[in-house]
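Report on one structure; see the data block that follows.
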Amino acid sequence: NDEILPEVWSCCRITALRSLRDNPDGGLIVYADHLTERREGEGAPEPVAELRAPHLDEAAFEALMLEAARPENANRLIVVKFTALWCPPCRAMDRVFKNILAAGGLPGVELYEVDSDVEQDLADRFLCPSLPDILFFQGGKRLDITRHYMGAGNGGSAGAMPEAQCRELCAQLLKNS
């Protein structure tokens, strides 16, 4: 049934339709990259170490921006992904960040995450219109990426993008600093 959730709930709708496809007999399947199925009689699964960008709360974000504003840090590019646990496109960007980190990162680039549901004031300050919302900072100031990235909205935020495009955008922003 294609009318399982209202159109405006596209992320939830996609997840629900996927659940119906994968489990047509009913029962909700929860999708998340870090969950593991546990069958009756089995013990708890072993924890899996995840390679993730550090999470920022508002205080850590403020401290990071103060540090980035120091003259010796002026060329650092700070990429902050505003995300939420329930957001499927955010999980796609998790994989992009994870792949970049697993490859040793990008020279001069630091990747961070902010949980928009937990840090609502911080997300509201940057008017994050949708998730994921990826913001770029240099010298403690937000960069406007509209001339570097066609998909930029809200004066310089980007949504989910392929890894190659993320790498290219970071390289362009560093080159122009």
Side-chain angles (χ1 to χ4, degrees), residues 11 14 31-36 46-177:
C11 291
I14 290 167
Y31 294 98
D33 290 344
H34 64 279
L35 296 180
T36 305
E46 291 296 317
V48 177
E50 285 193 64
L51 187 56
R52 298 187 62 104
H55 286 268
L56 297 173
D57 60 16
E58 192 159 8
F61 177 84
E62 294 302 333
L64 180 64
M65 290 300 114
L66 283 173
E67 181 186 332
R70 295 173 47 185
E72 63 269 21
N73 297 324
N75 292 331
R76 284 173 44 191
L77 178 64
I78 296 172
V79 182
V80 180
K81 174 181 56 142
F82 286 81
T83 187
L85 182 62
W86 49 263
C87 169
C90 297
R91 301 297 66 81
M93 279 309 297
D94 286 348
R95 283 189 293 280
V96 169
F97 275 31
K98 184 177 182 176
N99 290 344
I100 290 171
L101 292 168
L106 299 171
V109 178
E110 297 175 24
L111 305 175
Y112 295 93
E113 295 183 358
V114 172
D115 185 328
S116 297
D117 289 333
V118 175
E119 299 297 330
Q120 292 177 358
D121 291 341
L122 191 55
D124 289 346
R125 183 185 340 164
F126 291 105
L127 305 172
C128 297
S130 61
L131 297 176
D133 203 17
I134 304 162
L135 304 180
F136 299 82
F137 299 85
Q138 204 163 35
K141 295 183 176 54
R142 182 174 167 189
L143 298 177
D144 183 343
I145 62 166
T146 51
R147 66 186 177 126
H148 301 286
Y149 181 60
M150 291 287 277
N154 190 26
S157 63
M161 67 179 80
E163 180 181 341
Q165 197 169 24
C166 184
R167 288 175 176 276
E168 182 181 325
L169 180 56
C170 288
Q172 285 178 4
L173 293 171
L174 280 172
K175 187 171 91 175
N176 292 327
S177 63

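Please read all numbers here as calculations on a predicted model, not as lab measurements.
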Can you name the nearest heavy-atom pair linking Glu58 to Arg125, along with the distance?
OE2-NH2, 3.0 Å
Who pairs with Glu168 by salt bridge (charged side-chain N to carboxylate O under 4.0 Å, His left out), at least two apart in sequence or on another chain?
none
Give the minimum heavy-atom separation between Thr83 and Cys90, together with the two atoms involved.
OG1-CB, 3.1 Å
Do Met161 and Val96 come close enough that some side-chain heavy atom pair is under 4.5 Å?
no
Mind listing the closest non-hydrogen atom pair of Pro132 and Ala160 along with its distance?
CG-N, 3.6 Å
What I'd like to find out is whether the side chain of Asn99 reaches to under 4.5 Å of the side chain of Arg167, using heavy atoms alone.
no
Parallel, tilted or perpendicular: which fits the ring planes of Phe126 and Phe82, with parallel below 30° and perpendicular above 60°?
tilted
Show the numbers, then the answer: is there a side chain to side chain contact (heavy atoms under 4.5 Å, CB included) between Leu85 and Asp117?
CA-CA 8 Å; Leu85 182 62; Asp117 289 333; 5.6 Å; no
Between Leu106, Ile100, Val80, which is the residue that forms a side-chain contact (heavy atoms from CB on, under 4.5 Å) with Leu111?
Ile100
Answer yes or no: is there a side-chain heavy-atom contact under 4.5 Å between Phe137 and Phe61?
yes
Quick one: NZ on Lys98 to CD on Glu163, what's the gap to the nearest 0.5 Å?
12.5 Å
Nearest-0.5 Å distance, CD of residue Glu67 to CD of residue Glu110
7.0 Å
Once you round to the nearest 0.5 Å, how far does CD1 of Ile145 lie from CZ of Phe136?
4.5 Å
For a 4.5 angstrom cut-off between non-hydrogen side-chain atoms, does Lys81 reach Asp94?
yes
Candidate list Leu131, Asp133, Ile134, test side-chain contact (heavy atoms from CB on, under 4.5 Å), partner Met93, passing option
Ile134
Applying side-chain contact (heavy atoms from CB on, under 4.5 Å) between Ile78 and each of Leu56, Leu135, Leu64, report the one that passes.
Leu64
Do any N or O atoms from the side chain of Arg70 and from the backbone of Gly139 form a donor-acceptor pair under 3.5 angstrom?
no
Minimum heavy-atom distance Asp57-Glu119, with the two atoms named
CB-OE2, 3.2 Å
Heavy-atom side-chain proximity of Val109 to Leu174 below 4.5 angstrom:
yes
If every non-hydrogen atom of Ala84 is compared with every non-hydrogen atom of Arg91, which pair is closest and at what distance?
O-NH1, 2.7 Å
